[in-house]
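Predicted, not measured: the structure shown is a model, and the values here were computed from it.
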Amino acid sequence: MLNFTRFFFSFIFCLIFMYGGKLFAQDANYWHSGFGPGGLLTPGATIVNDRDSGLYYYNPALMALRPKNSVSISTNLYKLGLYNIKDGVGAGKNLKSSGVQIIPLMVSGNLFFKGKKTIALGYSLVHDPVANYQVTQRQDKKMNVLDDSYSPGSEDFIGQYASHNKVSNTVASGSLAVKLDENWSVGLTAEAQLRSQDYLEQYSARALINSNDTQNLLPMTNVESSYQINYWNIGLRFKFGTSYDHGPHHLGLLISAPRVNIKGNATITNDLIINDLHPVPGTPLLLNVLGNGRQTGLPVTYKDPFSIALGYGLDFGNGGEVFLTGEYFSKVDRYNIVSPLNASFVRPDNDSNRSMTNELLQFNEQRKSVTNFSIGIKQALSPKFIGYVSFRTDFNYDDNGVTVDSEFNGHHPNLATWNTYHGQFGINVKRRKGNLHAGLLLSYGATNNYVQPFNFDTPNEDNQLQGTVHTTTAKYFSAGLLLGYIFNL
């Protein structure tokens, strides 16, 4: 059995930290990037057939089917992102985030060599801005927050909430493809991935304690919590692909191995203060807690699961093709991305309090298996123009709501809790020395079951001035303009 001290802090910290990780972004989805099986706007970013000049090959086997030397001069994305959580921390206290980004996305190229077998080599450097979210909200109001037995009437209550989550992934890859005969080709890609994340959640709630004194300086109940982590991680991933063409029919298969971790580094900074809180009104029990710590140089583990993708393409005449693709991602059991040491955090600094640090502050995730699908159509509009339309699902893989065998559930990086749907509309303009790509990228996601991180409407001693949270509506929308040019050597 736990001793009284550990039990007491378990009760407090479960309430203080159980909301950790409930932010808003679209980073718990595998197909959020336009450079994937549903990314027809970028020729080659499919599992099956590519008859245009390839730019980025999601399936490396496609490089050898119709090889040509090419290099991308530039590919940029001009993107507007909008986030809105209705009543995010209370009635009328919406959490909104918006911003415009100009993002250099890609440099890539292909080379081929003819001999007994056609061999193609490819390289790419792709930057994927996974999530960029930042919000603040505040409540300043006369409210009956504290029990009337010691603070009669309404108190001056001030609550403040701030969070941000910025995630990016940069991938440098090299690919090799061999054309086995007129129909078959195989390919292998090695990817070096650099993932970084900067995550912050802060909350403060303060109420002046009413007394019979007429003094201007009243005593105060104060609850503050802060958790910030930033890390980077380098990993390696291999992909094997094969492609088969027979007349109007095209098949593609891609197998992606789990990510292999190479190196990472993390810093965690955290703070917790509770002043003069009556956890059981009507009793003399008074709660004061101080927790503060900073740990640097922590190792980082980041996982991507095994996946297998299968695609089919069909030529339907007049320069038109239709593509169907599905990709299955396996589940990921719960693991720690960052494991803090059992160092000083809760004060006084003793062995009993230190023993809880890792459980309180660990950064972990677990993922359920998902299968995404895409459909796309490519149509020749004229000898120089080709049009693209595609749609894809992007199902959420977050599984951190599942109860785990631990006193505390830590904090989680996978902040999205909804499915997202993506559409692409664009054209390829054939030039004498290259190809110009331009198009519109649209994304939409929504849920009616988003759980508030805090609630300014109902703070009291029972919930440590954090309010009783409930579900609400969250929406995400983004629109982007992609421009790219491929120069054929």
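- Surrounding NZ of K86 are at most 12 heavy atoms belonging to other residues, nucleotides or ligands under 6.0 Å away.
- At least one donor-acceptor pair closer than 3.5 Å links the side chain of S185 to the backbone N or O of A61.
- In this structure, CD in Q366 is found 11.0 Å from OH in Y335, a value given to the nearest 0.5 Å.
- Between G297 and N265, the closest heavy-atom pair is CA-ND2, 3.4 Å.
- Between W31 and F329, the ring-plane angle classifies as perpendicular under the 30° and 60° cut-offs.
- Contact of the T301 side chain with the N336 side chain is not registered, since no non-hydrogen atoms from C-beta on lie closer than 4.5 Å.
- Within 6.0 Å of atom CD in Q134, 12 or fewer heavy atoms from other residues, nucleotides or ligands are found, so the atom counts as exposed in its surroundings.
- At least one side-chain heavy atom of Y302 sits less than 4.5 Å from a side-chain heavy atom of E365.
- No side-chain donor-acceptor contact under 3.5 Å links N318 to the backbone of G320.
- Partners of Y312 according to the side-chain hydrogen bond (donor to acceptor under 3.5 Å, both in side chains) rule, which considers only residues two or more places apart in sequence or in another chain, are H249.
- Applying the side chain to side chain contact (heavy atoms under 4.5 Å, CB included) rule to S97 yields the partners Y83, Y133, V135; only residues at least two apart in sequence or on another chain are considered.
- Of the possible donor and acceptor atoms, none in the side chain of N230 sits under 3.5 Å from a partner among the backbone N and O of Q197.
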List, one per line, each side-chain donor-acceptor pair under 3.5 Å for residues 369-376, sequence neighbours excluded.
from, atom 1, to, atom 2, distance (Å)
N372, OD1, T393, OG1, 3.4
N372, OD1, F395, N, 2.9

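- Judged by distance alone, with hydrogens and angles left aside, the side-chain atoms of Q295 form a donor-acceptor pair with the main-chain N or O of L341 at under 3.5 Å.
- Considering CG of N29 and CG of D394, their distance stands at 4.0 Å, rounded to 0.5 Å.
- A 4.5 Å side-chain heavy-atom check between N448 and T473 finds at least one atom pair inside the cut-off.
- Of the possible donor and acceptor atoms, one in the side chain of N183 sits under 3.5 Å from a partner among the backbone N and O of D245.
- A heavy-atom distance below 4.5 Å is not found between the side chains of R392 and P37.
- At a threshold of 4.5 Å between non-hydrogen side-chain atoms, the residues S243 and H250 do not count as touching.
- At distances below 3.5 Å, at least one donor-acceptor pair connects side-chain atoms of N342 with backbone N or O atoms of N358.
- In this structure a side-chain-to-backbone donor-acceptor pair under 3.5 Å is missing from N270 to Y227.
- The distance from the CZ atom of R237 to the OG atom of S173 is 12.5 Å, given to the nearest 0.5 Å.
- In this structure, a donor-acceptor pair under 3.5 Å is present between the side chains of Y476 and S478.
- With hydrogens and angles disregarded, no donor-acceptor distance shorter than 3.5 Å links the side chain of N94 to the backbone of K96.
- The two atoms that bring L188 and P60 nearest to each other are N-CG, 3.7 Å, heavy atoms only.
- Under a 3.5 Å cut-off, the side chain of Q193 and the backbone N or O of V171 do not form any donor-acceptor pair.
- The backbone N or O of P305 lies less than 3.5 Å from no partner atom in the side chain of R367, so there is not a single donor-acceptor pair.
- Counting all heavy atoms, side chain and backbone alike, G122 lies closest to N110 at CA-OD1, 3.8 Å.
- Contact check on E321 versus K378 returns a salt bridge, with a Lys/Arg side-chain nitrogen under 4.0 Å from an Asp/Glu carboxylate oxygen.
- Checked by atom type, the side-chain pair N396/N419 shows no donor-acceptor distance below 3.5 Å.
- The side chain to side chain contact (heavy atoms under 4.5 Å, CB included) with V167 is formed by just one residue from the set D198, V130, D128; it is V130.
- Put simply, the side chain of H412 reaches to within 4.5 Å of the side chain of N364, judged on heavy atoms.
- To the nearest 0.5 Å, atoms CD1 (I337) and CD1 (I229) are separated by 7.5 Å.
- Residues H470 and Q452 have side chains in contact (heavy-atom distance under 4.5 Å, counting atoms from C-beta outward).
- Atom CG of L441 and atom CG of L482 lie 6.0 Å apart (nearest 0.5 Å).
- For R294, the CZ atom is loosely surrounded, since the number of other residues' heavy atoms within 6.0 Å does not exceed 12.
- Rounding to the nearest 0.5 angstrom, the gap separating the CD1 atom in I377 from the CG atom in L314 is 11.0 Å.
- In this structure the side chain of V300 never reaches within 4.5 angstrom of the side chain of F363, judged on heavy atoms.
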